[in-house]
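Numbers for residues simply follow the sequence, beginning at 1. Heavy-atom basis, side chains included; hydrogens, waters and symmetry copies ignored. Bear in mind the structure is a predicted one, so any value in this text is a computation, not a measurement. All ligand and atom numbering here is 1-based and tracks the order in the structure.
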Amino acid sequence: MTKPTNPKTFHVKSFGCQMNVYDGERMTELMAAQGMTATDDANAADLVVLNTCHIREKATEKVYSDIGRLRKHGNDPMIAVAGCVAQAEGVEIAHRAKVDIVVGPQAYHNLPDLVAKASRGELGLDTDMPVLSKFGALPARRKVGPTAFLTVQEGCDKFCTYCVVPYTRGAEISRAWDALVDEAKALVDAGAKEITLLGQNVNAWSDGDRDLGALIRELDRIPGLARIRYTTSHPNDMTNGLIDAHRDVEKLMPFLHLPVQAGSDRILKAMNRSHSRDSYLRILDRVRAARPDIALSGDFIVGFPGETEAEFEDTLSLIDEVGYAQAFSFKYSPRPGTPAADMDGQIAPEVMDDRLQRLQAALNRDQAAFNAASVGRTCQVLIERKGKLPGQMLGKSPWLQSIHLITDAQVGDLVEVEIVSAGPNSLAGIERVKQAA
Ligand code: SAH
Ligand code: SF4
Ligand code: F3S
């Protein structure tokens with residue numbers, strides 16, 4: 001089969017964080033607006049966009065195995081590598097694997113031009129970082145599900161010593177207030193009931209003297225929008241305005257993902273986290289005072305260079321002190337070009353494995369306790385999709401727990417549910433029938 005020029009069908013595969021997923025959705029809308037048809041089957045597509053993640057070595061390696069698979073089983077498609085690996089490796093990818101397009105996360109609005117270039121047999125390469133210009137160049141939001149993402153802020157100036165994001169996403173920039181309010185309204189018009197505001201440092205968002213708390217208060221006024229969430233936050237950017245919004249704005253869900261990474265002050269310093277164990281805990285005190293039922297989530301890295309057993313145990317004791325409702329944990333992965341990759345004291349893989357297991361046991365224990373404590377609670381559940389059993393629907397509680405229940409309610413409905421039992425990954429609920437007045 002000859003390689004398709006001017007591809008007619010396409011498939012976008014996203015590998016990374018929620019912003020990466022958001023970018024994937026926007027690329028899909030962009031290609032559809034060009035008259036191309038989306039397909040679920042990567043092997044049948046004329047164009048495959050691999051929307052990549054560079055955060056850990058494993059994530060990066062996946063791209064190359066995917067390219068190999070597509071070349072073997074696919075339609076000999078045109079292949080575009082997009083996302084953070086594209087930004088980090090640039091033209092090197094085209095040298096290492098046979099791909100047609102390499103496009104960075106700030107340049108994907110140019111995808112149609114790059115496809116045209118690749119159709120002429122040239123490499124389509126664009127890893128420029130023009131400030132915010134992609135948002136103005138993308139088509140308007142179309143139909144979306146009940147939950148939608150909205151990127152409000154991109155990039156990171158924090159330079160944690162282990163992390164590639166400041167290099168792949170560039171400097172911290174905030175989108176303008178009006179553009180965000182307009183996009184939120186368009187999402188609600190297209191069917192969204194819940195909007196999750198996204199940024200690598202979402203709580204660093206600002207426009208003039210308005211902070212994320214002010215933006216949340218504005219979105220609260222959009223009729224038809226039922227829920228607001230935001231992620232991911234940095235401890236140093238938890239402004240009073242944002243904490244107050246947790247107290248005052250009912251649509252703002254009682255959930256905070258606030259990564260801490262480690263519980264030892266020496267490790268936090270080596271990571272360049274710019275907060276201490278104690279300052280992190282004091283922030284959580286303030287958040288809990290504003291919203292006592294808030295569910296907390298975090299990110300953890302085990303085996304940062306030089307981490308001793310005692311320092312690792314400081315992370316375990318921090319977990320005990322906080323009691324997370326859920327969390328993500330990772331083995332440290334050295335990333336090319338980051339300061340930590342060259343630090344002394346890289347930790348042996350078996351030590352990392354052991355620490356990750358112990359950390360996850362502690363986190364699982366707390367998640368199970370949080371879920372068990374929810375049994376008997378009545379709350380609203382936003383129905384997101386059908387379950388496996390007849391009549392079963394799946395949705396999320398305000399605290400981001402997955403709930404399954406038997407109901408006549410449809411996707412996008414909010415139903416009043418009593419949580420009746422808690423399993424390891426999801427909770428069972430029964431619909432509370434509203435009493436007639
Ligand atoms: N901007 C967000 C997300 C960054 S990436 C934030 O600052 O929280 C998501 C998580 O990946 C990080 O919180 C961190 O826990 C993890 N991570 C980042 N770089 C890593 C690395 N080199 N090795 C292992 N985990 C890493
Ligand atoms: Fe990476 Fe740190 Fe920035 Fe988060 S705050 S994106 S971990 S550099
Ligand atoms: Fe990965 Fe880039 Fe997100 S490196 S975590 S896709 S910002």
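- Those atoms of ligand 1 with a heavy atom of Tyr332 less than 4.0 angstrom away are 23 (N), 24 (C).
- When each atom of ligand 1 is checked for a heavy atom of Pro259 under 4.0 Å away, the hits are 8 (O).
- Nearest protein neighbour of atom 1 (Fe) of ligand 3, counting heavy atoms only, is Cys53 SG, 2.3 Å.
- Atom 1 (Fe) of ligand 2 has Cys163 SG as its protein N, O or S neighbours under 2.8 Å.
- A donor atom on one side chain and an acceptor atom on the other are not found under 3.5 Å apart for Thr147 and Arg227.
- At a cut-off of 3.5 Å, with distance as the only test, a side-chain donor of Arg286 or Asn240 sits close to an acceptor on the other residue.
- Residue Thr232 places no N or O, backbone or side chain, under 3.5 Å from any N or O of ligand 1.
- Protein heavy atom at the shortest distance from atom 4 (S) of ligand 3 is His54 N, 3.2 Å.
- Note that the CZ atom of Arg169 and the SG atom of Cys17 stand 5.5 Å from one another [nearest 0.5 Å].
- Closest to atom 3 (Fe) of ligand 3 among all protein heavy atoms lies Cys17 SG, 2.3 Å.
- For atom 4 (C) of ligand 1, the protein comes within 4.0 Å by no heavy atom at all.
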Practice item. Apply the test side-chain hydrogen bond (donor to acceptor under 3.5 Å, both in side chains) to residues Asp299 and His257: give CA-CA distance (whole Å), side-chain angles for both, the deciding distance (0.1 Å), then the verdict. Key: CA-CA 8 Å; Asp299 288 347; His257 181 65; 3.1 Å; yes
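- Residue contacts with ligand 1 include Lys331, since one of its heavy atoms falls under 4.0 Å from the ligand.
- Residue contacts with ligand 2 leave out Arg169, since none of its heavy atoms falls under 4.0 Å from the ligand.
- At a threshold of 4.5 Å between non-hydrogen side-chain atoms, the residues Val260 and His275 count as touching.
- Of all non-hydrogen atoms in Arg288 and Gly323, the two that sit nearest each other are NH2-O, 4.0 Å.
- In this structure, Ile301 is part of the shell of residues with a heavy atom less than 4.0 angstrom from ligand 1.
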**Study point:** Verdict with reasoning, Ser329 to Gln360, per side-chain hydrogen bond (donor to acceptor under 3.5 Å, both in side chains)
**Key:** CA-CA 7 Å; Ser329 48; Gln360 291 185 338; 2.9 Å; yes
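- Polar contact check, Gln261 against ligand 1: a nitrogen or oxygen pair lies under 3.5 Å apart.
- Separation of the Tyr324 and Phe300 ring centroids falls under the 6.0 Å cut-off.
- Distance check, rounded to the nearest 0.5 Å: OG of Ser276 to CG of Asp265 gives 5.0 Å.
- Contact between Asn201 and ligand 1 is absent, with no heavy atom of the residue lying under 4.0 Å from the ligand.
- Protein heavy atom at the shortest distance from atom 2 (Fe) of ligand 3 is Cys84 SG, 2.2 Å.
- Using a 4.0 Å cut-off between heavy atoms, Lys158 makes no contact with ligand 1 at all.
- Asp128 contributes no side-chain N or O that, together with a main-chain N or O of Ala107, makes up a donor-acceptor pair within less than 3.5 Å.
- Applying the 4.0 Å criterion to heavy atoms of His234 picks out, from ligand 2, the atoms 5 (S).
- For atom 2 (C) of ligand 1, the closest non-hydrogen atom of the protein is Gln200 O, 3.5 Å.
- For the pair Ser333 and ligand 1, the shortest N or O to N or O distance falls below 3.5 Å.
- Considering only non-hydrogen protein atoms, atom 10 (C) of ligand 1 sits nearest to Asp299 OD2, 3.4 Å.
- Polar contact with ligand 1: present for Tyr162 (N/O pair, distance under 3.5 Å).
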Point to revise | CA sep, side-chain torsions, deciding dist, call: Asn201, Gln153, side-chain contact (heavy atoms from CB on, under 4.5 Å) | key: CA-CA 7 Å; Asn201 273 295; Gln153 178 280 345; 3.9 Å; yes
Exercise for review: For side-chain contact (heavy atoms from CB on, under 4.5 Å), just list the numbers for His54 and Tyr167, CA-CA rounded to whole Å, side-chain angles, deciding distance to a tenth of an Å, and then say yes or no.
Suggested key: CA-CA 10 Å; His54 197 52; Tyr167 312 98; over 6 Å; no
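- For ligand 3, the atoms closer than 4.0 angstrom to any heavy atom of Arg169 are 7 (S).
- The protein heavy atom nearest to atom 7 (S) of ligand 3 is Gln200 NE2, 3.3 Å.
- Counting heavy atoms closer than 4.0 Å to ligand 3, residue Met19 contributes nothing at all.
- In this model, no donor atom of one side chain and acceptor atom of the other lie less than 3.5 Å apart for Arg335 and Thr168.
- For Arg56, every heavy-atom contact with ligand 1 shorter than 4.0 Å involves the side chain, none the backbone.
- Side-chain contact check for Pro7 versus Met31: every heavy-atom pair is 4.5 Å or farther apart.
- Using cut-offs of 30° and 60° for the angle between ring planes, the His246 and Tyr230 rings count as tilted.
- Ranking protein heavy atoms by distance to atom 4 (Fe) of ligand 2, first place goes to Arg273 NH1, 4.4 Å.
- Here the side chains of Ser402 and Leu394 are not in contact, with every heavy-atom distance at 4.5 Å or above.
- To the nearest 0.5 Å, atom CZ of residue Phe304 and atom CD of residue Gln346 are 8.5 Å apart.
- Counting heavy atoms from C-beta on, the side chains of Pro254 and Trp399 come closer than 4.5 Å.
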